[in-house]
There are 2 protein chains.
Amino acid sequence: MVRAGLTTERLTRAGAELADEVGFDQVTVSALARRFDVKVASLYSHLKNSQDLKTRIALFALEELADRVADALAGRAGKDALAAFADAYRDYAREHPGRYAAARFRLDPETAAVSAGARHAQMTRAILRGYDLTEPDQTHAVRMLGSVFHGYVSLELAGGFEHSVPDAQESWAWIVDSLDALLRNRATP
Amino acid sequence: MVRAGLTTERLTRAGAELADEVGFDQVTVSALARRFDVKVASLYSHLKNSQDLKTRIALFALEELADRVADALAGRAGKDALAAFADAYRDYAREHPGRYAAARFRLDPETAAVSAGARHAQMTRAILRGYDLTEPDQTHAVRMLGSVFHGYVSLELAGGFEHSVPDAQESWAWIVDSLDALLRNRATP
DNA sequence: CTAATTTGCCTAAAGCTATTAGGCAAATGC
DNA sequence: GCATTTGCCTAATAGCTTTAGGCAAATTAG
């Protein structure tokens, strides 16, 4: 019989696509096997288990998102950088809701250490360089930006702003504007 | 044989407790049956299915959280109200992580309509009365507050601020402060 | 206070997911 | 062309979900 050509790489990518189609929670080893028209047990030569699959999808999504954000930030500073960062984040979540959810999957500390998590933190701090914040304000600001963006995107994906005015895009712009003003006000004199 | 005295009410409450102990995602009809020392099939006289159980826990959590927020807001206005709202929200999530997660469970529109969701929205708007915002700014502000608080609490529960300085409480205070300033700046002259 | 009815929990069974063990055939190396 | 490695398979166990049908306990009626 002809082989399917499974590899951990291909399974991870297909898992990410599956996540976008059916939701990260619904990503199962069985569903993935069906997609490759292969028996479930066959995947266990390439994946330790279900948790391993999800972890790999999470790492993949974190890298991909970090790459996008890095592209968006290139050559920008100040409010421009803030808006680019915000949009990169939100656009990724809307294009790839399953991968976005994967990127929020809780990793064990050792795995988190080798993930793109650190790049994300660095890029957030890079944006704040435009606002002259000193510690501990800078850390507070990092946390605030992470909270607003993640919170907004989660609520939007959960349908929280559907069928209501003004539309989600307008509020997003208002919020980015407000955050820029807020950070300028917090600047160390 | 002696009966266990199952009711939909008791199952929902026990489900909420279970959620706090093992996480909302891990709440299963089987686990709940074990907790009552009863066979799984027995629960199906009181619950339509697993989804029904989760929906009931979600509605319960939404009510409970709304009650807490209402208590916290009583007699307060302005920044005081904002801080009380924020703390009620965060404290609930830390005391009852499973219920908090349940409160974010996506409900179908008909169920959402009879949930305490509307009370939450009203209370958020009530806080903004202290800041003289007119539409559409008020709606933008409602969305922003929801995003920041939900985002911060999710990140904190996911362990995002563990083992790092300054501690989560300090950033929370800084953020509430900043939001108060932001909203005052946005006031309609 | 017993008889009829309703209600509550049980057993049984089928279907889906996760995971492990062991086998045969295809691909690869010599 | 033969030996080895590798890849996908079958088989089996275990847990969760859900439905169907049964018996006993609680409730109501006579």
Side-chain angles (χ1 to χ4, degrees), chain A residues 1-61 98-99 101-102 105-108 111, chain B residues 1-60 97-99 101-102 105-108 111:
Chain A
M1 90 217 32
V2 74
R3 294 190 179 181
L6 305 181
T7 65
T8 305
E9 277 304 302
R10 288 188 64 197
L11 289 171
T12 304
R13 283 179 177 281
E17 283 163 28
L18 184 59
D20 286 336
E21 291 165 24
V22 304
F24 184 61
D25 292 343
Q26 318 306 319
V27 172
T28 96
V29 182
S30 298
L32 202 53
R34 250 177 260 126
R35 170 163 297 222
F36 281 92
D37 203 29
V38 137
K39 298 295 170 181
V40 194
S42 307
L43 302 204
Y44 283 83
S45 321
H46 306 279
L47 302 170
K48 254 212 330 275
N49 52 36
S50 179
Q51 162 91 8
D52 181 40
L53 169 62
K54 291 192 167 174
T55 300
R56 285 174 192 280
I57 299 172
L59 291 173
F60 173 78
R99 298 180 198 192
F105 185 62
R106 190 163 188 174
L107 302 172
D108 56 278
T111 311
Chain B
M1 93 215 33
V2 74
R3 295 190 179 180
L6 306 180
T7 66
T8 306
E9 277 304 302
R10 288 187 63 198
L11 290 171
T12 304
R13 284 179 176 281
E17 285 163 26
L18 184 59
D20 286 336
E21 292 165 23
V22 304
F24 184 62
D25 292 342
Q26 319 306 318
V27 171
T28 100
V29 182
S30 297
L32 202 52
R34 266 191 299 274
R35 173 163 296 222
F36 281 93
D37 202 29
V38 138
K39 298 294 168 182
V40 194
S42 306
L43 301 204
Y44 283 82
S45 321
H46 305 279
L47 302 169
K48 256 214 325 279
N49 51 37
S50 177
Q51 162 93 3
D52 181 41
L53 169 61
K54 291 192 167 176
T55 300
R56 286 175 192 280
I57 298 173
L59 292 172
F60 173 78
R99 299 182 198 193
F105 186 62
R106 190 164 187 174
L107 302 172
D108 57 279
T111 310

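Letters A, B, ... are given to chains in the order of the sequence lines, protein chains preceding strands, and every chain is numbered from 1. Since this is a predicted model, take the numbers as computed values, not measurements.
- At least one side-chain nitrogen or oxygen of B:Ser42 sits closer than 4.0 Å to the OP1 or OP2 atom of C:dC10.
- The closest side-chain heavy-atom distance from B:Leu107 to B:Leu59 is below 4.5 Å.
- If you take CD of B:Gln26 and P of D:dT17, they are 11 Å apart, rounded to a whole angstrom.
- For A:Leu32 and C:dC16, the CG to C1' distance is 16 Å, given to the nearest whole Å.
- Closest to the B:Ala41 side chain, of the nucleotides D:dT10, C:dT19, C:dT11, is C:dT11.
- Whole-Å rounding puts the B:Tyr44 OH to D:dC16 P distance at 11 Å.
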Side chain to side chain contact (heavy atoms under 4.5 Å, CB included) evaluation trace for B:Val27 with B:Leu32: CA-CA 7 Å; B:Val27 171; B:Leu32 202 52; 5.7 Å; no
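- Note: CZ (A:Phe36) to P (D:dC9) measures 13 Å, nearest angstrom.
- Side-chain N/O atoms of A:Thr28 include one lying less than 4.0 angstrom from OP1 or OP2 on C:dA18.
- For C:dT17, the OP1/OP2 oxygens have a side-chain nitrogen or oxygen of A:Arg34 closer than 4.0 Å.
- One interatomic measurement links the two molecules: NZ of B:Lys39 to C1' of D:dG15, which rounds to 14 Å at whole-angstrom precision.
- Listed candidates were C:dA12, D:dC8, C:dT19. Nearest to the side chain of A:Val40 is C:dT19.
- Annotation for A:Asp37: atom CG does not count as buried by contact number, only 12 or fewer foreign heavy atoms lying within 6.0 Å.
- Comparing C:dC10, C:dT19, D:dC8 by their closest approach to the side chain of A:Ser50 singles out C:dT19.
- Here B:Ser45 does not reach the OP1 or OP2 of C:dT7: none of its side-chain N or O atoms lies under 4.0 Å away.
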Under the criterion side chain to side chain contact (heavy atoms under 4.5 Å, CB included), I'd like the reasoning laid out for A:Phe105 against A:Gln51: C-alpha separation, chi angles, the key distance, then a yes or no. CA-CA 10 Å; A:Phe105 185 62; A:Gln51 162 91 8; 4.1 Å; yes
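- Each of A:Arg56, A:Lys54, A:Lys48 was checked for a side chain to side chain donor-acceptor pair (under 3.5 Å) with A:Asp52, and the lone residue meeting it is A:Arg56.
- The CG atom of A:Leu47 sits 12 Å away from the P atom of D:dC8 (whole-angstrom rounding).
- For the pair A:His46 and D:dT6, the criterion of a side-chain N or O lying under 4.0 Å from OP1 or OP2 is not met.
- Atom P of nucleotide C:dC9 and atom CZ of B:Arg35 are separated by 17 Å, given to the nearest angstrom.
- Atom CG of B:Leu11 and atom C1' of D:dT17 are 16 Å apart (whole Å).
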